[in-house]
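Here you go, one structure.
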Amino acid sequence: MVVATGNADTTVGHGELIKTVDRALTTHGRALLTGPAGSGKTEVLRALTEAAALRHETVLHLTPGAADRWIPEAAAAALLASVPAAALECLSGPQRTAIALLRRETDAPRVGRDHVALRLAVVEVLRTLAARGPVLLALDNAQWLDAESTDLLRFALGLTPPRVRVLAAECVQGGTPLSEPLCGPDTPQIRVPPLGTDEIAELLMRRGLPARLAGRIHQASGGNPRLALALGRSVAEAAGSRDGGAHHADPLPVSGQAREVARRLLGVVPAQARRTLLYAALAARPTTALLRRAGRLAAEAELAVAERAALVTVEEDGTIRFMAGALPTALAADAGWPERAAGHAALAAAVDDPVQAVRHRALAVDAPDQALAAEVTEAAASCRRRGQRALAAELGLLAADRTPYHLPGEELARLVAAAEDAGWAGRADLARRATRAVLARDASPGDRVRARLAVIDAAGQALGALDETFAYAMADAEGDPALQAAVRLRTAWKHNLSDGDPVRSRDAAAEAGVLARSGGDQVAEAMALTVRARMGRILGDRDAEEILAEALALPAPEVPLGMRNAPQYLAVRHALFDDRNADARRQLLVLLPAVRRTGSAEDVFEVLRSLTEVELRRGRCAAATAHARDALELTVEAGLSPGPAWYLAALAEAMGGGFARAAGYARRGIQASEEEHDQVFLSRGLYVLGLVELATGEAAKAVTTLRRVAELEAAQQVVDPSILRWHGELAEALVLADVPEEAAELQARVRTTALALGRTSVIAALDRARGLCLSAQGDADAAVALLEDTAQRFELLELPLERARTLLALARVERRRRRRAPARAALGAAAEVFARAGAAPWTELAREPSPCPAPGEGAGARPLASLTEAETRLAVLVAQGASNQEAAAKLFVSVKTVEARLTRIYQKLDVRSRAQLATTLRLG
């Protein structure tokens with residue numbers, strides 16, 4: 001049975017659940033929907049009742065409130081009030097009287113009420129309605145049913161025919177559902193599962209909320225839709241503030257409606273259990289043993305109550321994990337200072353980690369303490385050495401708060417260190433907080449610059465809104481070449497990432513290099529040369545490799561601005577661009593453990609990104625998918641900008657997973673990059689989407705998407721075609737969309753550049769498109785020769801997936817000229833390569849027949865042999881009865897294009913009407 005999904009915004013991710021509930025109702029006549037508040041039970045119930053109404057069933061709604069539970073027969077009265085008057089006409093006098101009394105006196109004493117008559121009246125009403133057709137009794141908030149109504153309905157439903165079905169939705173926090181006696185012990189209980197990250201992203205996008213925060217909102221909400229939307233609205237409201245609200249790894253604001261939702265979730269457990277949960281919220285790594293040592297002797301029992309309420313999970317080793325990250329934040333915010341201080345004091349004596357012990361002791365007091373501030377400062381230094389830069393930043397701010405007022409120099413030094421740690425960790429909230437404190441004090445220009453640079457470093461991909469910060473930093477750096485170099489270096493990054501201007505980026509990097517050399521900062525000089533080399537590669541500068549070699553020659557024992565900005569990493573990227581994939585992989589596997597030790601999530605992500613791309617080039621889809629999955633998980637955990645991670649997930653799915661999932665990831669990545677004004681990964685997300693559209697036969701869509709990539713790359717003045725290789729895909733899409741002239745022009749233009757720069761694999765990709773173009777223009781022999789040669793070149797370059805894609809194109813050309821055996825051979829070879837690489841969606845593509853009737857295969861093959869693929873698709877649609885407007889919509893072209901193409905089809909097939917066209921195809 002097809003079930004309508006109701007409000008698309010509120011049933012995101014619940015499509016299969018709705019079908020499951022509907023099957024249970026069909027099979028058993030009863031279904032009980034359970035889950036915590038805000039999980040989506042009401043929305044699922046509404047979708048099912050709307051579907052029932054569309055089938056002309058009688059739907060009786062009952063939604064009691066919390067206060068109704070204590071009013072006898074309140075729910076029964078509300079139910080009977082919703083019954084059509086015609087259903088009451090068949091009742092006897094006593095039954096009508098009982099109902100009338102119930103309607104008038106739901107809050108009055110039950111003196112003189114004929115309860116037997118009332119029960120029989122409800123039975124008779126339900127039987128009357130069932131005689132007219134199916135009835136669905138929908139009970140929302142069934143946990144608030146009063147006992148008398150539950151008993152009455154249980155009696156009535158036991159005497160009604162099977163055409164009366166019951167769907168109850170209840171907040172079950174553990175134990176037996178309160179509505180089970182009403183529905184019966186054998187009623188299927190179906191729990192509403194939490195939404196996944198992808199579903200939260202879809203939910204946010206449909207509500208116009210920032211999709212770039214989907215991973216963090218999923219983490220904070222635990223997949224609870226109501227809490228997720230409330231958090232999203234809190235972020236949107238915060239975004240109106242001067243510094244742009246929540247971004248990068250900031251904790252999400254748990255305020256307003258979000259806090260109310262969290263309070264409602266927490267309110268189902270008793271006060272003692274909430275106190276234990278507070279201790280768990282205050283601890284960095286809570287365990288049952290730690291809570292017992294901290295004085296919560298009944299921790300296991302109290303946590304069991306919370307676990308049944310789906311608030312926490314307790315692992316076998318006693319580790320406690322909150323189901324939603326917003327819950328510990330709400331617990332701490334709602335607790336008073338004395339309660340929090342007592343909790344921290346108890347935990348300080350219980351933890352076995354010296355750093356956490358110092359942290360708890362500092363949080364248990366609210367007064368300056370010189371000795372304590374020194375201890376916290378040392379703890380921050382210890383975290384810094386261990387790569388725990390976010391914790392180091394928190395401790396640095398805490399140390400500054402505990403520094404006595406007569407030591408302003410020590411306080412300022414701690415604030416600047418905290419800002420720099422926050423910048424490294426990507427914690428924009430901590431960086432801004434520390435920087436505001438620095439700027440409010442009598443800080444030197446150097447300290448002000450370092451604090452502002454921390455805000456810039458913490459912003460991730462979202463540098464576009466920091467022009468004012470850059471300007472103030474440059475003004476404060478006046479007269480200090482080393483500080484000026486640091487500011488100009490970050491300006492160079494912004495020009496590339498947010499402004500999409502590699503020329504300005506290269507020039508700013510050159511200026512930074514001169515300043516760094518003057519200031520004696522060789523690390524900054526090496527990084528400035530790295531930016532120049534990176535931009536030079538983009539712009540097609542022939543001296544880019546020489547500049548990179550100069551950067552690699554400089555001593556750089558430390559990488560304070562991240563491995564991703566170091567010449568060693570750019571050398572790996574160049575190896576990838578040059579198809580030296582084995583070399584790139586070997587170097588990346590050396591860098592991976594090194595960057596994990598630094599504590600920089602962005603560095604780890606960058607290495608995982610390159611590993612994913614390298615493994616895909618090498619035809620190892622499973623390894624690539626694993627790296628992409630790690631990168632996505634890291635992005636969520638560290639709160640990084642999600643656009644790059646979604647692009648990477650889309651790329652891995654497009655080759656080794658599934659086209660539909662790849663398109664979903666790509667669209668989310670595109671939106672996130674647009675929200676953060678990230679021009680670099682916007683192009684990449686669009687590229688993957690265009691690739692998927694091309695692979696799935698949506699050539700017109702692929703042309704539109706890939707043309708947008710071309711426009712972005714042109715605006716960014718990208719010359720080197722080896723960096724983002726969209727050119728061959730666009731040329732193929734243009735051929736399939738019946739625009740071979742534009743495809744030929746693109747191939748010739750890009751080929752000239754690729755030949756000049758020696759980009760052999762780019763030339764091969766262009767030749768694959770050129771082979772399809774030759775076939776479309778009627779030169780099949782030349783097309784086959786070129787495609788066979790191109791497949792061999794891809795094999796020599798050790799690019800197996802590109803070779804297999806070329807064999808697919810060869811099979812298509814061979815089918816078009818009715819050479820079945822060579823077509824099958826090429827298709828089989830492609831399928832074998834795809835299967836060996838683990839490229840699941842492409843393997844299926846190679847095993848499927850052409851979506852259009854192939855020349856020489858089946859009815860209509862002979863006349864279709866003279867048509868291009870685009871003309872074939874249109875001819876088949878028109879022969880099947882499609883109008884010009886309908887064909888244009890299905891092919892994603894204009895009506896004028898359809899008319900012109902149809903004229904050419906008529907001329908080639910020597911027909912004059914749609915009827916003749918249909919007859920020709922049928923008889924061919």
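What you see below is based on every heavy atom in this structure, not just the backbone, and it leaves out hydrogens, waters and symmetry mates. Computed from a predicted structure; not experimentally measured.
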Checklist line | Any donor-acceptor pair under 3.5 Å from Ser149 side chain to Leu145 backbone | finding: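 Checking the backbone N and O of Leu145 against the side chain of Ser149, no donor-acceptor pair under 3.5 Å is found.
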
Check: Got a salt bridge between Asp140 and Arg46, using NZ or NE/NH1/NH2 to carboxylate O under 4.0 Å?
Finding: no

Check: In terms of heavy-atom contacts, does CZ of Arg340 have more than 12 from other residues, nucleotides or ligands at under 6.0 Å?
Finding: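 Counting other residues, nucleotides and ligands, CZ of Arg340 exceeds 12 neighbours.
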
Checklist line | Verdict with reasoning, Glu339 to Arg275, per salt bridge (Lys or Arg N to Asp or Glu O under 4.0 Å) | finding: CA-CA 9 Å; Glu339 193 175 5; Arg275 182 70 178 269; 3.7 Å; yes

Next item on the list: Scan side-chain atoms only and decide if Thr705 and Glu693 contain a donor-acceptor pair under the 3.5 Å cut-off.
Entry: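 A donor-acceptor contact under 3.5 Å links the two side chains.
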
Notebook entry, point to check: Do the side chain of Asp146 and the main chain of Ala75 share a donor and acceptor less than 3.5 angstrom apart?
Noted result: yes

Margin query: Looking at every heavy atom in both Ala78 and Leu62, which two are closest together, and how far apart are they?
Written below: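 Ala78 and Leu62 have their closest heavy atoms at CB-CD1, 3.8 Å.
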
Check: Is there a donor-acceptor pair closer than 3.5 Å between any side-chain N or O of Arg30 and the backbone N or O of Thr187?
Finding: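 No; zero donor-acceptor contacts below 3.5 Å.
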
Margin query: I need the minimum non-hydrogen distance between Glu307 and Val314, along with the two atoms involved.
Written below: OE2-N, 3.1 Å

Margin query: Apply salt bridge (Lys or Arg N to Asp or Glu O under 4.0 Å) to residues Lys41 and Glu170 and explain how you reach the verdict.
Written below: CA-CA 8 Å; Lys41 301 182 301 299; Glu170 177 178 339; over 6 Å; no

Note to self: How close do Asp68 and Ala74 get, counting heavy atoms only, and between which atoms?
What the structure shows: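 Asp68 and Ala74 have their closest heavy atoms at O-CB, 4.1 Å.
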
Notebook entry, point to check: Which residue, Arg264, Arg263, Gln257, forms the side chain to side chain donor-acceptor pair (under 3.5 Å) with Glu260?
Noted result: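 For Glu260, the side chain to side chain donor-acceptor pair (under 3.5 Å) test succeeds with only one of Arg264, Arg263, Gln257, which is Arg263.
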
Check: So, Lys19 and Asp22, do they make that salt bridge, N to O below 4.0 Å?
Finding: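 Not counted as a salt bridge, because no side-chain N and carboxylate O are separated by less than 4.0 Å.
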
Notebook entry, point to check: Does any N or O in the side chain of Arg119 come within less than 3.5 Å of the main-chain N or O of Phe155, such that one atom is a donor and the other an acceptor?
Noted result: no

Notebook entry, point to check: Counting N and O atoms only, with roles assigned by atom type, does the side chain of Ser641 sit under 3.5 Å from a partner on the main chain of Gly643, one being a donor and the other an acceptor?
Noted result: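 Side chain of Ser641 to backbone of Gly643: no pair is present.
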
Next item on the list: Using atom types as modelled and distance alone, determine if a side-chain donor or acceptor of Thr128 lies under 3.5 Å from a backbone N or O of Glu124.
Entry: yes

